[in-house]
Amino acid sequence: TAFADQTYLLQAIELNLVKYLIKPILEESLNEALSESFNKISNREKSVVRLSKLHYFDSFNKTLFYESTLIKLSPLEMEFLTLLIAQKDRILSYKEIENYIWEGEHMSEDAIKTLVKNLRKKISKDCIQNHSKLGYKINLYHG
């Protein structure tokens, strides 16, 4: 870009850019930006996880799909699913869920049960496991 002022730079941050190059572009800077872009794209594939044979979640873009159809998630469902996937190898305690999703505000048992029930309607029923008195864990598909 030819723009180097702070307003454009701040707007560019929101676009999740890899690099912000200012004209005239040096070949070394361009090569570095292309290399970083390639690495980011390569790592993006790791952000897609299978929840069932036909459901997958892209944690990079925070989108849920059934085959190729986008499934709308509420903000709480998205945050909860993102948290479960990020911590896929362990059981998340109710307190951890409360602190992450409700940001320290009190979470009722009914609130988390409703959240899980609604999310299970959108993905495989067996995907989210309840571990009595402990919390929840995600069961990813390994077909």
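Here the structure is a predicted model, which is why all the values come from computation and not from measurement.
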Within one Ile-Leu-Val-Met-Phe-Trp-Tyr cluster: [X] and [Y], side-chain cutoff 4.5 Å:
X      : Y      : result
Leu54  : Tyr141 : no
Leu134 : Leu83  : no
Phe57  : Ile71  : yes
Ile91  : Val49  : no

[Y] backbone acceptor or donor facing [X] side chain under 3.5 Å:
X      : Y      : value
Arg120 : Asp126 : no
His55  : Lys122 : yes
Ser108 : Ala111 : yes
Gln87  : Leu84  : no
Ser37  : Ala33  : yes

Over all heavy atoms of both residues, which pair between [X] and [Y] is shortest? Give the atoms and the distance, please.
X      : Y      : answer
Phe60  : Asp58  : N-OD1, 2.9 Å
Met107 : Ile112 : SD-CB, 3.8 Å
Tyr94  : Lys133 : CE1-C, 3.8 Å

Measure the spacing between [atom1] of [X] and [atom2] of [Y] and express it to the nearest 0.5 Å.
X      : Y      : atom1 : atom2 : answer
Ile85  : Lys88  : CD1   : NZ    : 9.0 Å
Lys53  : Glu67  : NZ    : CD    : 10.0 Å
Leu92  : Asn99  : CG    : CG    : 11.5 Å
Asn139 : Lys125 : CG    : NZ    : 15.0 Å
Leu34  : Ser29  : CG    : OG    : 11.0 Å
Leu119 : Lys121 : CG    : NZ    : 11.5 Å

Do [X] and [Y] make a side-chain contact, defined as non-hydrogen atoms from C-beta onward lying under 4.5 Å apart?
X      : Y      : result
Leu76  : Trp102 : yes
Cys127 : Ile138 : yes
Leu51  : Leu81  : yes

Could you tell me whether Arg90 and Glu96 make a salt bridge, using a distance below 4.0 angstrom between a side-chain N and a carboxylate O? yes
After noting the C-alpha distance and the side-chain angles of Thr63 and Leu73, does the key distance pass the side-chain contact (heavy atoms from CB on, under 4.5 Å) rule? CA-CA 8 Å; Thr63 49; Leu73 294 173; over 6 Å; no
Classify the ring geometry of Phe80 against Tyr136: parallel below 30°, tilted from 30° to 60°, perpendicular beyond 60°.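 If you compare the ring of Phe80 with that of Tyr136, the planes turn out perpendicular.
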Quick check on Glu28: does its CD atom have over 12 non-hydrogen neighbours (other residues, nucleotides or ligands) under 6.0 Å away?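 Count not over threshold, so no.
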